[in-house]
Amino acid sequence: MAARLLDFRADPLDPALLGEVVDHLRRGGLVAMPTETVYGLGCLLREDSLREVRRLKGREEDKPFLLLIPHAGSVPDLAWTPEARDLASSFWPGALTLVLRDPSLSFPVGIRSAQGGVAIRVSPHPLARAVVERVGEPMVSTSMNPPGGLPALTAQEALGTARALTAGESLWVLDGGMLDPSEPSTIVDCSGPRPTVRRVGAIPLHRLRCVLPEIHDPA
């Protein structure tokens with residue numbers, strides 16, 4: 001059977017429909033939903049779900065996925081540095097991805113990088129944020145696109161990608177409307193001795209330096 005399309009374009013969001021999505025995720029299902037940048041393919045941290053997301057994306061375990069989280073307090077096992085807390089306080093919810101060290105190995109390979117870091121973000125998109133907050137735990141997120149293809153900016157594009165990737169009924173596409181083209185999230189690695197910019201995206205360097213004047217930019 002084909003991927004299912006659910007309409008979330010109405011405001012306010014339908015709580016009953018959100019409940020169905022949460023139940024679907026907790027049963028191991030996948031979703032494609034809008035984020036602050038593109039439509040993202042996501043699941044909860046369940047072994048079978050992660051395996052299916054990797055299959056659809058054609059991704060090996062040595063290229064980890066990031067996590068959308070409800071709030072900073074939802075990942076207490078990660079090593080929060082003072083600089084990471086300052087950045088999160090200033091830019092979350094927002095298009096800032098933080099990489100934090102996972103000293104207790106709480107997250108599996110494929111989420112935790114070979115260097116021991118886990119990438120996390122709190123999405124400002126109302127639908128993505130509602131889903132993650134309602135489910136109450138970290139959620140894998142990766143751009144909804146075939147390998148080498150452009151990420152989806154509409155639910156119909158996400159549905160087309162789902163069909164191209166041979167996703168079945170385990171994938172639900174959440175239609176939150178059309179997204180405007182945007183830059184990817186900015187990535188700051190706070191897993192080492194000094195916060196380092198790994199990618200400049202939607203949040204420019206000068207704004208980061210308003211919070212951390214000495215932030216390291218290898219470029």
Side-chain angles (χ1 to χ4, degrees), residues 1-46 49 52-53 56 65-76 85 87-98 119-145 150-163 167-186 201-203 207:
M1 294 179 66
R4 181 182 176 187
L5 181 66
L6 287 77
D7 190 350
F8 277 97
R9 290 172 293 175
D11 185 23
L13 299 173
D14 184 337
L17 200 55
L18 272 175
E20 288 186 40
V21 171
V22 170
D23 289 343
H24 171 69
L25 286 165
R26 287 177 175 161
R27 290 193 302 267
L30 279 56
V31 299
M33 64 181 181
T35 69
E36 67 279 10
T37 52
V38 297
Y39 271 72
L41 173 64
C43 69
L44 299 184
L45 292 174
R46 311 288 190 266
S49 305
E52 178 64 2
V53 170
L56 293 175
F65 295 116
L66 71 84
L67 298 175
L68 296 181
I69 62 174
H71 49 80
S74 59
V75 282
R85 293 192 184 280
L87 289 169
S89 177
S90 298
F91 296 109
W92 280 359
L96 174 68
T97 297
L98 295 176
I120 55 174
R121 186 166 76 241
V122 175
S123 177
H125 191 283
L127 178 52
R129 194 172 182 193
V131 170
V132 178
E133 287 183 348
R134 185 79 176 264
V135 81
E137 59 183 282
M139 184 172 168
V140 170
S141 183
T142 181
S143 59
M144 185 65 182
N145 61 282
L150 294 174
L153 295 177
T154 68
Q156 289 302 321
E157 289 177 359
L159 196 59
T161 298
R163 291 168 179 154
E169 60 184 349
S170 66
L171 175 62
W172 291 8
V173 177
L174 314 186
D175 187 354
M178 178 182 291
L179 299 175
D180 294 327
S182 67
E183 295 185 82
S185 69
T186 293
I203 298 175
R207 289 190 61 202

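Hydrogens, waters and symmetry mates are skipped; everything else that's a heavy atom, side chains included, is used.
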- Task: Identify, with sequence neighbours excluded, every residue that meets ring pair (Phe, Tyr, Trp, His ring centres under 6.0 Å) alongside H125.
- Result: none

Using the side-chain hydrogen bond (donor to acceptor under 3.5 Å, both in side chains) criterion, which residues pair with [X]? Sequence neighbours excluded.
X: S141; answer: none
X: S123; answer: E36
X: D7; answer: R9
X: S185; answer: T97, R121, R199

Those residues that, when tested against [X], pass salt bridge (Lys or Arg N to Asp or Glu O under 4.0 Å) (two or more places apart):
X: E183; result: none
X: R46; result: E137
X: D23; result: none

- Task: Count the heavy atoms of every other residue, nucleotide or ligand shown that sit under 6.0 Å from CG of L17, and state whether that count exceeds 12.
- Result: yes

Non-neighbouring partners of [X] that pass side-chain contact (heavy atoms from CB on, under 4.5 Å), sequence neighbours left out:
X: R134; answer: P15, L18, V22
X: E157; answer: A152, L153, T154
X: A155; answer: L5, Y39, V173, D175

Spacing of [X] atom [atom1] and [Y] atom [atom2] [to the nearest 0.5 Å]:
X: F8; Y: M33; atom1: CZ; atom2: CE; result: 10.5 Å
X: H24; Y: C43; atom1: NE2; atom2: SG; result: 10.0 Å
X: L41; Y: N145; atom1: CG; atom2: CG; result: 9.5 Å
X: L30; Y: L44; atom1: CG; atom2: CG; result: 9.5 Å

For residues 68-75, which side-chain donor-acceptor pairs fall under 3.5 Å, sequence neighbours excluded?
residue	atom	partner	partner atom	Å
H71	ND1	G73	N	3.1
H71	ND1	S74	N	3.3
S74	OG	H71	O	2.5

- Indicate yes or no: at least one non-hydrogen side-chain atom of V31 is less than 4.5 angstrom from one of M139. yes

- Heavy-atom closest pair, residues M144 and A162: CE-N, 3.7 Å

- Query: Considering all heavy atoms of both residues, which atom of L13 and which atom of A130 are nearest to each other, and what is their separation?
  - Reply: CD1-CB, 3.7 Å

